[in-house]
Amino acid sequence: MASRYDRAITVFSPDGHLFQVEYAQEAVKKGSTAVGIRGTNIVVLGVEKKSVAKLQDERTVRKICALDDHVCMAFAVLTIFVGLTADARVVINRACVECQSHKLTVEDPVTVEYITRFIATLKQKYTQSNGRRPFGISALIVGFDDDGISRLYQTDPSGTYHAWKANAIGRSAKTVREFLEKNYTEDAIASDSEAIKLAIKALLEVVQSGGKNIELAIIRRNQPLKMFSAKEVELYVTEIEKEKEEAEKKKSKKSV
Amino acid sequence: MAATFFGEVVKAPCRAGTEDEEEEEEGRRETPEDREVRQQLARKREVRLLRRQTKTSLEVSLLEKYPCSKFIIAIGNNAVAFLSSFVMNSGVWEEVGCAKLWNEWCRTTDTTHLSSTEAFCVFYHLKSNPLVFLCQCSCYVAEDQQYQWLEKVFGSCPRKNMQITILTCRHVTDYKTSESTGSLPSPFLRALKTQNFKDSACCPLLEQPNIVHDLPAAVLSYCQVWKIPAILYLCYTDVMKLDLITVEAFKPILSTRSLKGLVKNIPQSTEILKKLMTTNEIQSNIYT
């Protein structure tokens, strides 16, 4: 029955589905995996980097972007979009403009929740207009608010948004989310380096070629955003592998 | 078909009752030209089974010429990658022949020169046990070509003392279930077997109302009709292109009787699989 009700976005099926919106969620699954973790004093965004073609300029293939960056106050809102690249670019532009417009009008930087709600409302508008299709992207938006509390929000093509402690979007997001559910503990996020390691471990579950294909960014409270270089990610990956080996040695000792 | 104001697609009812009759009359008037075109098209779409060294066509079907006790068929790029890394590198396999065919889905227009990377459907047998056959099929076999393929491979009167295992993939959105697709643990395996297959499958059987499509369905139906024990392992995945996690989802099959004795070094196979992935990565900038 789906084929009769999925040609136009503005048509409900008899059992209440908006098929175009559900199909847009499939487009998100074609993007590479991204993971976001909210620690006590840090927020972490990690994404699987697809290998760049030989002649392509790597700098133009950035996935993690700052929506708003206040250098003096060291607040920032970081985001990553997964899905159709072109749709992501359009939404990011609109969100950046909104951040500046808000600052001009209200003289305060946006809260993470405000900009998430703006993006989600924009996405929802495109599910209800004739002649337009939904944005084929999901986003993870992280940052610190004025009150110093870390935030992580996720939006999807239907225009819904929710706050999360840790989440993953894109290909194999389910596997990563299950890993996070098992391993996200208060201890794991208490220290900054543990939170970073948890993000990298979660990505390594699904990333096919190890640490060199992971892009990572963090914001610590009251500090500017930091993008990790490939070397720094490698350092963490080697640490994780060492810890894994030690854990396995202990296990084999115990069983002996 | 017509679209209503609200975008719903409906079949437009036709009040011209005589329309069908007129079409039939026109169809009967076939010119010699039409016949010639149709014959040319049939020749183009013919499935040819070629011997390896001489590249000449086989006179009889493959399994009539070579006796077989075990036949493993991989259809689709993920299934082919699984057999390449886990089974083919654990023994010495010799190419016996290949099937060449053309249809609208083929990317290559030149069917006369087959390079090893473009080979459509290649058949191998194990050197140490020539009764074990393997088929790597990475092309799409159209509906009108499936019967020809079966005839050229199995023949019109196949032996019943062989066991067939088929591996293939399907997109998870084709899986009909009352749960939402977001909650499915893709990739996951389902099996479908013929009545004569007495062993148990290493995964749940395919639930109704799901059906199998294309060449795997043709092979399974053929085996059911001729009472040959056969089992199909179908991997539902959300990544149809070559993907490590999808290929690894076939791993439970390694412990079944179908592949017993054919797999030796699993860690090495995983390394080979990873290398296969990196060499085959085609970058698309559409999806970030």
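To find a chain, count down the sequence lines: A is the first, B the second, and so on, and within it residues start at 1.
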- Task: May I ask you to test the A:Glu26-B:His171 pair for a side-chain heavy-atom distance under 4.5 Å?
- Result: yes
- Task: Grab the two heavy atoms, one from B:Thr288 and one from A:Lys63, that are nearest each other, plus how far apart they are.
- Result: C-NZ, 3.5 Å
- Approximate separation, where rounding is to 0.5 Å, of A:Ile137 CD1 and B:Tyr287 OH: 13.0 Å
- Task: Give, for atom CZ of A:Arg171 and atom CG of B:Asp243, the distance between the pair rounded to the nearest 0.5 Å.
- Result: 5.5 Å
- Query: At a heavy-atom separation under 4.5 Å, does B:Thr173 approach chain A through its side chain, its backbone, both, or neither?
  - Reply: side chain
- Heavy atoms from other residues, nucleotides or ligands near NZ of A:Lys125 exceed 12 (cutoff 6.0 Å): no
- Query: Does a sphere of radius 6.0 Å around CD in B:Glu207 hold more than 12 heavy atoms from other residues, nucleotides or ligands, not counting ones at 6.0 Å or beyond?
  - Reply: yes
- For A:Glu22, is it the side chain, the backbone, both, or neither that has a heavy atom closer than 4.5 Å to a heavy atom of chain B? neither
- Query: Where does A:Lys174 contact chain B at under 4.5 Å (heavy atoms): side chain, backbone, both or neither?
  - Reply: side chain
- Item | Within 6.0 Å of CD in A:Gln128, more than 12 heavy atoms from elsewhere | no
- Enter the distance from A:Thr33:OG1 to B:Ile245:CD1 here, rounded to the nearest 0.5 Å. 7.0 Å
